[in-house]
Protein chains: 2
Amino acid sequence: MGRLPPERPGQPGGKRDRNRRKRLAQLREAGLRLFLEHGVERVTIDDIAKEAGTAKGNFYRYFEDKPDLVAGIVQPADEALRNAFDRCEAALEEAYDEATLFAAYQTLAIGMLPLAVGYPDVVRLYLQESRAPSAGARAPIRALADHIRERAVYLTRFAVDQGLLSIRDPRISALAVVGAVEQLTWSFLSGELDAPPDEIARTLISLVLSGIRS
Amino acid sequence: MGRLPPERPGQPGGKRDRNRRKRLAQLREAGLRLFLEHGVERVTIDDIAKEAGTAKGNFYRYFEDKPDLVAGIVQPADEALRNAFDRCEAALEEAYDEATLFAAYQTLAIGMLPLAVGYPDVVRLYLQESRAPSAGARAPIRALADHIRERAVYLTRFAVDQGLLSIRDPRISALAVVGAVEQLTWSFLSGELDAPPDEIARTLISLVLSGIRS
DNA sequence: AAATAACGTGACTGTGTGGTCATTCTTGTG
DNA sequence: CACAAGAATGACCACACAGTCACGTTATTT
């Protein structure tokens, strides 16, 4: 990801380094803004360059193409998310009763919260494009969506296999929860739902609990 | 929607009429196929005409442009959906206790089922593009999505206002249910979830019930 | 069967886009 | 300070696309 050669001068706080980071950030932010407003596919490289206040040719110094930029925008949130899942899985493997199981799932929620707070626009972009076909510029986002569903299902299936949970079909419950969480997050981040976040969390928890107990 | 002039010859089962209907169906089906495979924005009019086995210029005889085709593809399912909501609302206005309330919501489910069975690809397209920005070719789909959420919220809020339901925030519950239903439908129609539909329905019902009772 | 008008065709035009590149500007180095 | 190399620019090219149109084809009407 990114086109910058490994060799570059004055890496520490030099002016070159600062400029490079600034340009990268500008391009990512410009892309994110435009993607949210018009959808990834309708935004052109010219648009992005203009919005970032730089020349088109310069874009290609930093990114291969649009998919590469999308991947670059999503990457930090992507990593944070995978880590949250990792931590939850680790906790889950130690769980031995309903309380520790619940704590493990709480780990996931706690891991995801800073993500929505730290990268709200990236999360919005993810939700906006997560069902895109798995080819084209939006491919990295779709891949992330598939990953999330997969791991959510795994988390539930594992608990069932361990006898910690007795639900009929772990896939169905997991997907239902993912869908509910994503829809609420989407509405909230879009400003359509001006409910207090803790109230949303409360509903989700009771929803998960009911999923656990049915 | 559609560009055909109101005046046209031999309306009944004449050859003109049959040809016209066939072309319309071919164009809609071709568009739907390609939209699902590549995403609405990446499909060109040339692609659609070619897939439908006709010349490009002919496309414009039947549709204004791509947004118009999208609207034409979605329209039947759109109407069926609005009707299902209408019927549910009518039943809801007659409801006076938990049983009749539950029956009213069941009306909605029963109204939606034939939709997913009758137009599975249209539903998939809707789910794929429902969070698109509200400008461009995907606008009709986004508008439908907004409509669905709005009415789902209304349905819940009404029940709460009537004292039939006692949940903390009707918006949150409604959106959670919409999210769960849509995600499960998406996974099912994408072939990722090969669970029996009645099992999915069972989980959804218990989910709605838990939403009602919390 | 002749006339009429919708239907269907594909070449054509103008515009917009992805990607390149010679050139100029800026930063780092000896 | 001079020189090298990265950074930035915007003109440029090839191409793909939306939408049009003059023309040929097919159904309908009289």
Side-chain angles (χ1 to χ4, degrees), chain A residues 2-28 30-31 34-35 38-71 135-139, chain B residues 2-28 30-31 34-35 38-71 135-139:
Chain A
R3 223 184 194 187
L4 297 168
E7 313 284 340
R8 49 216 174 155
Q11 179 125 5
K15 198 160 191 180
R16 276 266 149 93
D17 188 51
R18 272 184 289 127
N19 286 348
R20 233 181 296 117
R21 289 173 191 280
K22 191 175 178 187
R23 274 266 173 273
L24 258 172
Q26 282 173 334
L27 286 168
R28 277 199 276 251
L34 294 173
F35 292 159
H38 303 112
V40 171
E41 299 292 356
R42 286 179 66 85
V43 176
T44 69
I45 307 295
D46 283 286
D47 294 336
I48 298 166
K50 193 176 179 186
E51 175 87 6
T54 187
K56 180 188 199 167
N58 206 25
F59 172 90
Y60 290 96
R61 291 187 86 52
Y62 291 90
F63 298 98
E64 291 273 348
D65 47 20
K66 207 163 58 170
D68 189 36
L69 173 61
V70 171
R138 306 181 287 173
Chain B
R3 222 183 193 187
L4 296 168
E7 314 283 341
R8 48 214 174 157
Q11 179 124 4
K15 199 159 191 181
R16 274 267 150 91
D17 188 51
R18 273 184 288 126
N19 286 349
R20 231 182 297 116
R21 290 173 191 281
K22 191 175 177 186
R23 273 268 172 271
L24 260 172
Q26 282 173 334
L27 285 168
R28 277 199 276 253
L34 293 173
F35 292 159
H38 303 112
V40 171
E41 300 292 357
R42 287 180 64 86
V43 176
T44 69
I45 307 294
D46 283 286
D47 294 336
I48 297 166
K50 193 176 178 185
E51 175 87 6
T54 187
K56 180 184 197 170
N58 205 25
F59 172 91
Y60 290 96
R61 190 169 271 304
Y62 291 90
F63 297 98
E64 292 273 347
D65 47 20
K66 207 163 58 171
D68 189 36
L69 173 61
V70 171
R138 305 181 289 172

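Computed from a prediction, not measured in an experiment: that's the story for all the values here. Order of the sequence lines sets the chain letters (A, B, ...), proteins ahead of strands, with each chain counted from 1.
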Undergrad: Rounded to the nearest 0.5 Å, how far apart are CG of Leu27(B) and OH of Tyr62(B)?
TA: 7.5 Å

Undergrad: Among dA18(D), dG10(D), dA27(D), which is the nearest nucleotide to the side chain of Ala55(A)?
TA: dG10(D)

Undergrad: So which nucleotide from dT9(C), dG8(C), dA8(D) ends up closest to the side chain of Thr54(A)?
TA: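 Nearest to the side-chain atoms of Thr54(A), counting from C-beta on, is dA8(D).
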
Undergrad: Given atom CD1 of Ile48(B) and atom P of dG19(D), what is their separation to the nearest angstrom?
TA: 11 Å

Undergrad: Report the distance from atom CZ of Arg42(A) to atom P of dA18(D), rounded to the nearest whole Å.
TA: 11 Å

Undergrad: Whole-Å distance between dG19(D) P and Asp68(B) CG?
TA: 11 Å

Undergrad: Mind checking Lys66(A) for me? I need base, sugar-phosphate or nothing, with any heavy atom below 4.0 Å counting as a touch.
TA: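 Nothing: the residue Lys66(A), judged by heavy atoms under 4.0 Å, touches no strand.
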
Undergrad: Looking only at the side chain of Lys56(A) (C-beta and beyond, no hydrogens), which of the listed nucleotides dA8(D), dG18(C), dA27(D) gets closest?
TA: dG18(C)

Undergrad: Measure CZ/Arg16(A) against P/dA5(D) and give the value in whole Å, please.
TA: 12 Å

Undergrad: With DNA chain C as reference, determine whether Gly57(B) or Tyr60(A) sits nearer its 5' end, using the nearest nucleotide of each.
TA: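 Upstream on the strand: Gly57(B).
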
Undergrad: Whole Å only: how far is the CZ atom of Arg61(A) from the C1' atom of dA22(C)?
TA: 14 Å

Undergrad: Contact between Val70(A) and Arg138(A) at the side-chain level, heavy atoms closer than 4.5 Å - yes or no?
TA: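 Side chain of Val70(A) against side chain of Arg138(A), heavy atoms only: no contact under 4.5 Å found.
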
Undergrad: How many whole angstroms separate atom CD1 of Ile45(B) from atom P of dT20(D)?
TA: 11 Å

Undergrad: Asp17(B) has an atom CG; how far is it from atom P of dT26(D), in whole Å?
TA: 19 Å

Undergrad: Treating Asp47(B) as the side-chain partner and Thr44(B) as the backbone partner, does any N or O pair qualify as donor plus acceptor under 3.5 Å?
TA: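 Side chain of Asp47(B) to backbone of Thr44(B), a donor-acceptor pair under 3.5 Å: yes, one is there.
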
